[in-house]
**Q** 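My structure is below; once you've seen it, I'll send some questions.
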Number of protein chains: 2
Amino acid sequence: MGRSAGGTGVRRSMGDAFHSDCPARMVLDHVTSKWGVLILAALRKRDLRFFELRGRIEGVSEKMLSQTLRMLVRDGLIRRTVSPASPPQVSYGLTALGAALAEPLDTLLERVRTRARQVLAAQRAHDAR
Amino acid sequence: MGRSAGGTGVRRSMGDAFHSDCPARMVLDHVTSKWGVLILAALRKRDLRFFELRGRIEGVSEKMLSQTLRMLVRDGLIRRTVSPASPPQVSYGLTALGAALAEPLDTLLERVRTRARQVLAAQRAHDAR
DNA sequence: CAGCATCCTATTGGATACTG
DNA sequence: CAGTATCCAATAGGATGCTG
């Protein structure tokens, strides 16, 4: 059966889909979400503003950027700071909690980058049969 | 523009959606996929058979397990070994390439586990407003 | 045991347009 | 600049049933 009748109406925002039981699984999904990884890794070097993030993370839409940012801020992994100015200035940075998770993610990212070609080669070899 | 006309018929299996340009992004998505993380981390200790993986990774369906496994094998991150026996015996293990990526993933997983409660607390604090 | 095929829904996420 | 809202398409992924 499952939620054949559309569920009992629980309608949370994002990523809380079915983690009511295992919190770790929820955090993992937030953190390894398509844009979450890239955002967390990008913020390791220094705090960044919205448009800086958008520029650094290729292919992200404003919608997904703000949506993911909101989620990670709620999770306490990212801190949002607003400086009162005429052109609004908002910057995002890692909290201690966020930094602890961003570190292995950044390591992963580096390793993925240096090995992407090998994976491509493996795929071609595999498909050759 | 984009794929308004349904694309030119390119129909690959999984995860290759729109990574024709950036291989690293594709690898990242495979590796941080919902079940990919868990599979890679689970195989760090030792090789496991299909049913062992299914047992260790709570909530995974056979479909997603075999689908993700197939993808990771194609990527050259996981090695699939078949022992000829009357009840078929297939075991999965990390390749050197897979191990390099599984390590930071496992670190991430550990950190997520120990910090899940803090995230939950942050969410509650955030929602209180 | 170790899977694959089919059917179907929920979630992801892109495009576009608008706001403080 | 820093978003939000709406609409819509693609995909992830669960349920179920079958096979070597």
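Residue numbers begin at 1 in each chain, while the letters A, B, ... track the order of the sequences.
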**Q** Within this structure, what is the CD-to-C1' distance between A:E62 and D:dT4, rounded to whole angstrom?
**A** 10 Å
**Q** Can you find a pair of side-chain heavy atoms, one from B:L101 and one from A:V112, that are under 4.5 Å apart?
**A** yes
**Q** Is there a side-chain polar atom (N or O) of B:S61 under 4.0 Å from OP1 or OP2 of D:dG13?
**A** no
**Q** Which listed nucleotide (D:dT4, C:dC1, C:dG14) is nearest to the side chain of B:R49?
**A** C:dC1
**Q** How close or far is atom P of C:dG3 from atom CG of B:L48, stated in whole angstroms?
**A** 13 Å
**Q** Nearest whole Å is fine: how far is D:dG3 C1' from A:Q67 CD?
**A** 13 Å
**Q** Which one, C:dG14, D:dA2, D:dG13, comes nearest to the side chain of B:W35?
**A** D:dG13
**Q** Rounded to whole angstroms, how far apart are CD on A:E58 and P on C:dG14?
**A** 12 Å
**Q** So, is A:S33 near the phosphate of C:dT12, with a side-chain N or O under 4.0 Å from OP1 or OP2?
**A** no
**Q** Using whole Å, what does the distance between atom C1' of nucleotide D:dA5 and atom CG of A:L65 come to?
**A** 16 Å
**Q** Side chain to side chain contact (heavy atoms under 4.5 Å, CB included), that's the test. Do B:I57 and B:W35 meet it? Break it down for me.
**A** CA-CA 8 Å; B:I57 300 177; B:W35 305 111; 3.8 Å; yes
**Q** Just how far, in rounded Å, is C1' of C:dC4 from CZ of B:R54?
**A** 14 Å
**Q** Assign each of A:P88 and A:K63 to its nearest nucleotide of DNA chain D by heavy atoms, then name whichever residue's nucleotide is nearer the 5' end.
**A** A:P88
**Q** Can you name the residues that form a side chain to side chain donor-acceptor pair (under 3.5 Å) with B:Q89, not counting sequence neighbours?
**A** none
**Q** Rounded to whole Å, how long is the line connecting atom CE of B:M64 with atom P of C:dG3?
**A** 15 Å
**Q** Check the phosphate of C:dT12 against B:K34, side-chain N and O only, distance under 4.0 Å to OP1 or OP2. Yes or no?
**A** no
**Q** Salt bridge check: are A:D127 and B:R74 linked by an N-O gap of less than 4.0 Å?
**A** yes
**Q** Do NZ/NE/NH1/NH2 and the carboxylate oxygens of A:R25 and B:E58 come within less than 4.0 Å?
**A** no
**Q** Considering just the side-chain nitrogens and oxygens of B:R70, establish if one lies under 4.0 Å of OP1 or OP2 belonging to C:dC4.
**A** yes
**Q** Using whole Å, what does the distance between atom P of nucleotide D:dG3 and atom CE of A:M71 come to?
**A** 15 Å
